[in-house]
Amino acid sequence: MVAPFWPHAAPRAVTAFRFERRLTYRFTRQQRLLKTDEFSSVFNLRRTQANSFFQVWVKPNELDRARMGVVVSKKVQRRAVGRNLIKRTARELFRHEAAKLVGLDLIVRAKRSFHRSEAAEARAALLRLFARVSPCRAS
């Protein structure tokens, strides 16, 4: 007698590996600024860098990780689809650059909208801001 084939019953080791890999690339709750007080403390410090696409506020924190909040107003982009694209772009770049930004709280505010055709230019602009901000944590 042959055992039935169950495609969803993968070996445990493979499932655990996939699960761990997925978790390492997430924008976790510990990496987010969630509360109004957390946002206010970063805004009140008024340490900022800007370019044509984004403005970034920075504040040192006492944690072993970087945290980020994203602000995209309806003035920048009326449609939710566009606001979500901007937020996804900022979060993705933060996830890749978080190791370089350890010990900082950041708020990224979109200054102007961009579409998929301009997304590469916007990513490059945000990467330049992250590079300018990262040495600031020593001061």
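Annotation: salt bridge (charged side-chain N to carboxylate O under 4.0 Å, His left out) contacts involving residues 58-77, sequence neighbours excluded, comprise E38-R67, R67-D105. Residue pairs that meet the ring pair (Phe, Tyr, Trp, His ring centres under 6.0 Å) test with at least one member in residues 57-80, sequence neighbours left out, are F43-W57. The salt bridge (charged side-chain N to carboxylate O under 4.0 Å, His left out) analysis of residues 116-126, with sequence neighbours excluded, yields the pairs R112-E118. Residue pairs meeting the salt bridge (charged side-chain N to carboxylate O under 4.0 Å, His left out) criterion with at least one partner in residues 77-87, sequence neighbours excluded, are absent.
Evaluation of the side chain to side chain contact (heavy atoms under 4.5 Å, CB included) rule for T36 yields S40 as partners, not counting sequence neighbours. With sequence neighbours left out, the side chain to side chain donor-acceptor pair (under 3.5 Å) criterion links T89 to no other residue. Residues meeting the side chain to side chain contact (heavy atoms under 4.5 Å, CB included) test with A50, sequence neighbours left out: Q55, K111.
Residues A66 and A98 come closest through the heavy atom pair CB-O, 4.1 Å. Nearest heavy-atom pair across A90 and V108 is CB-CG1, 4.3 Å. The minimum heavy-atom distance linking G69 with F39 is given by the pair CA-CZ, 3.7 Å. Looking at every heavy atom in both residues, A110 comes nearest to V72 through CB-CG2, 4.1 Å.
One finds the CG atom of L129 at 12.0 Å from the CD atom of E97 (value rounded to the nearest 0.5 Å). The structure places CZ of R95 at 9.5 Å from CE of M68, a figure rounded to the nearest 0.5 Å. One distance of note links CZ of R132 with CG of N51; it measures 6.5 Å at 0.5 Å rounding. Rounding to the nearest 0.5 Å gives a distance of 10.5 Å between CZ of R47 and CG of L106.
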Subject >> Intermediate values then yes/no, side chain to side chain contact (heavy atoms under 4.5 Å, CB included), L34 and R29 >> reply: CA-CA 8 Å; L34 297 170; R29 189 170 178 88; 3.6 Å; yes
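Linking ILVMFWY side-chain heavy atoms closer than 4.5 Å, directly or via other members, places F94 and F114 in a single hydrophobic cluster. At a threshold of 4.5 Å between side-chain heavy atoms, the hydrophobic network of Ile, Leu, Val, Met, Phe, Trp and Tyr places V70 and L104 in one connected group. Hydrophobic clustering of Ile, Leu, Val, Met, Phe, Trp and Tyr side chains at less than 4.5 Å, counting indirect connections, unites V133 with F53.
When hydrophobic residues (I, L, V, M, F, W, Y) are linked wherever their side-chain heavy atoms come within less than 4.5 Å, L63 remains an isolated member.
The side-chain heavy atoms of I86 and F54, taken from C-beta on, include a pair separated by under 4.5 Å. Here the side chains of V58 and L45 are not in contact, with every heavy-atom distance at 4.5 Å or above.
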